[in-house]
Amino acid sequence: MPPPSSDALPSFRQPPVTEVVLNVQLAPLTEFQAVHFGLFWESIRSQFPTTETKPPIDQQSELQEIGKANLSVEVLNSIPMPRVWFVSPDQTRLIQVQTDRLIYNWRQAPTGEDYPRFPAIKEGFLRAYDSFESFVVSNKLGEFIPVQAEVSYINQLPLNGQVTTFGDLGSVFRFWSRPTSDLLGIPEHAALRMSFRLGTQEEFRGRLHVAVEPRFRRNDSGKLLQLTMTARGPLRTADRQGVAEFISFGRKYVVQGFADLTTKTLQEVWERIDA
Amino acid sequence: MPNALAEQMTEGSSLFEPSWQTAAPEVSLSMDDERRRRQVQLGRGEVLLTVEGSDFPSWLDDALRALNAASALPANWDSYGARPVNQRTLEHALQILTRIMNDSFPAPEILATSHGGIQFLWNARKRELKVAVNAPYRGEYYYFDENKNDEEEEPFSLELDGIVRRLNDFIA
C-alpha cells in the first residue's frame with residue numbers, strides 16, 4: 001500500500017468514530033510487580049480517579065511474513081499479571097497498563113461528546129507515555145523498550161438509514177457490488193476482514209487491518225455494523241520519537257484508507273470535507 | 001434478544017469496555033484444526049508449546065535441556081560476577097528460537113551470558129553465527145564467514161529476518 005499522497009487528509013464534520021485507541025507494546029518490564037500498578041496510579045490519580053482490573057492482552061507481532069512459524073510458545077505464569085484501567089471522571093478517557101503494554105483510549109460518552117480530534121488524543125497518549133516511562137525508569141522496573149505501536153479507529157454504522165441490514169456491505173464499501181445474487185438478494189448477515197501491507201518494498205512498516213462485523217449497542221440494543229481500522233507495525237527507532245512517528249504514520253493510513261474504502265453516499269452523511 | 005448472544009469481545013477488536021455485543025457466536029467444527037500441545041518446565045516457570053500440522057521439531061528437547069541448564073546457573077557462575085539468567089529473557093529466547101529455526105538448520109549450542117541473557121551459537125566450516133538475547137526484544141547477532149571474509153554485526157528487536165538470512169547462509 002503506497003503512502004498517502006499528501007499530508008492533507010480527508011475529514012468529516014460528523015464522523016462515525018466512537019472510539020480511538022493508541023497503543024504501544026513494550027518489552028516485558030522484568031521487575032514490574034502488582035504493587036506498581038498502585039504506585040503508578042498515585043502519579044495520575046487526579047486525572048484518572050477510578051480503576052478496574054482486566055485480564056492482560058497477548059502480544060501481537062506484526063511481522064513481514066505471515067504464518068511462517070508453526071511452533072508457538074505460550075508462557076504460563078503461575079501468578080498472571082493483570083491489565084489495569086485508569087479511567088477519567090467523565091469515562092471518556094482511559095489509560096491501560098500491563099507489564100508489556102501502554103494503551104490510551106478515547107471513547108464517545110453516552111451523552112455524545114464530540115470527537116475531540118486526533119491531535120488532542122495523541123497529546124493525551126504522549127502524556128501518558130511520558131508519565132509511565134518516567135515511572136518505570138525512576139523505579140528501576142526494567143528497560144523501557146517500545147517494540148511496536150498501533151492506532152485503531154472504531155466506527156459504528158447504525159442500521160437505521162443508509163445501511164439496512166447486517167449483510168449490507170454494499171452500502172459500506174465502494175468495492176462491494178450488490179445484490180450478491182438475484183436469487184439470494186442482499187445477505188442477512190456478513191462480516192469481512194482484510195489486511196493491507198504498509199510501507200515500501202525496502203521497508204516493511206506494518207499492516208492496516210480492516211474489519212466490519214455486526215454488533216448490538218449495549219445501551220439500547222440498536223443494531224449496527226462496526227468498522228474497525230487498525231494500523232500496527234514495528235518502530236523505526238525504539239524510543240518516544242519512534243512511537244510518535246508511527247502513531248502519526250498509522251493514523252494517516254487509517255483515515256485515508258477509511259475514505260478510500262467507504263461509499264460516497266455514507267461520506268455525504270458524515271459530511272466529508274477535504275482540505 | 002441480545003442477552004442471548006455471546007458477550008465477549010472478538011479478537012483484535014476494541015480495547016475498551018465494549019459498547020456492543022457480538023451478533024452471533026462463532027463455533028468452529030473444522031476437523032482441519034490439528035494441533036499438538038506440550039506443557040514443559042522452563043527455568044522457574046512453565047510454557048505451553050503448540051505445534052500445528054506436524055510433529056514437534058527434533059531440536060526442541062535438546063534446546064529445552066540446554067535452556068534449563070543455563071537457567072539453573074547461580075549468580076557469579078563464572079566467578080566474575082555473572083548474573084543469573086533472567087526468566088523473562090529465557091522465555092523470550094525460546095520464543096526467538098522457535099521463530100528462527102526450521103528442520104534444515106543445525107541445532108545451536110546454547111549458553112548463558114554473563115549479563116543474564118542467552119546466547120545461541122552455530123559454528124562449523126569456518127562459519128560462525130552468534131545470537132545474543134540480552135533482554136526481551138533486545139539482542140544482537142554476529143556472523144562471520146572466514147571463507148568469504150563476510151562479517152556482519154547487527155542489533156535486533158521484533159524482526160528476525162536478518163538472523164534467518166544468516167542461518168540460510170550458514171547452511172549454504
Side-chain angles (χ1 to χ4, degrees), chain A residues 18-19 21 23 25-30 52 57 60-65 68-78 85 94 96 99-100 103 105 107-108 110 142-143 145 147-148 152 154 156 166 189 191 193 204 209 211 213-219 221 223-224 226 228 230 234-235 238, chain B residues 1-3 5 7 10-24 26 35-37 39-40 42 44-54 56-57 60 86-92 94-102 116 134-138 155 157-161 164:
Chain A
T18 56
E19 185 177 343
V21 188
N23 176 4
Q25 284 182 217
L26 307 167
L29 298 167
T30 51
E52 292 184 43
I57 300 168
Q60 294 170 297
S61 297
E62 205 66 67
L63 303 170
Q64 290 202 50
E65 291 190 46
K68 194 167 65 175
N70 66 344
L71 175 60
S72 62
V73 181
E74 180 185 348
V75 177
L76 305 172
N77 291 315
S78 53
W85 288 7
L94 169 72
Q96 306 185 54
T99 56
D100 56 6
I103 305 165
N105 300 55
R107 75 166 170 183
Q108 195 169 49
E143 287 193 73
I145 306 171
V147 174
Q148 190 171 252
S152 286
I154 295 161
Q156 295 191 336
F166 280 143
H189 184 287
R193 283 176 184 269
F204 172 73
H209 298 275
E213 294 159 307
R215 291 284 186 262
F216 288 99
R217 253 194 319 265
R218 274 192 187 276
N219 55 358
S221 300
K223 293 178 179 177
L224 54 91
Q226 182 161 288
T228 304
T230 299
L235 308 176
Chain B
M1 174 179 164
N3 292 336
L5 301 169
E7 293 193 11
T10 54
E11 185 183 357
S13 57
S14 172
L15 300 175
F16 214 134
E17 179 69 38
S19 55
W20 35 264
Q21 294 173 295
T22 53
E26 291 180 14
R35 293 177 178 183
R36 295 182 175 82
R37 295 170 193 271
Q39 190 169 328
V40 299
L42 183 68
R44 291 179 283 109
E46 289 189 327
V47 294
L48 179 65
L49 301 166
T50 304
V51 68
E52 297 190 29
S54 62
F56 284 101
L60 181 63
N86 180 283
Q87 179 68 20
R88 291 276 174 81
T89 306
L90 182 75
E91 292 159 357
H92 194 70
L94 176 60
Q95 287 170 332
I96 285 176
L97 200 57
T98 61
R99 282 179 52 200
I100 62 176
M101 284 293 284
N102 71 39
N134 301 322
Y137 295 100
R138 190 170 63 78
S157 177
L158 191 65
E159 282 292 346
L160 306 174
D161 285 13
V164 174

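Computed over heavy atoms, backbone and side chain alike; hydrogens, waters and symmetry mates excluded.
- Atom CG of residue A:L71 and atom CG of residue B:L94 lie 7.5 Å apart, to the nearest 0.5 angstrom.
- Contact detail for A:E62 and B:E159: the closest heavy-atom pair is O-OE2, 4.0 Å.
- Screening B:H92, B:E91, B:R88, B:Q87 against A:V75 for a side chain to side chain contact (heavy atoms under 4.5 Å, CB included) leaves a single residue, B:E91.
- Nearest approach of A:A27 to B:P136, heavy atoms of both residues: CB-O, 3.1 Å.
- Proximity to chain B is absent for every atom of A:Q25, based on heavy atoms less than 4.5 angstrom apart.
- Rounding to the nearest 0.5 angstrom, the gap separating the OH atom in B:Y137 from the CD atom in A:Q148 is 8.0 Å.
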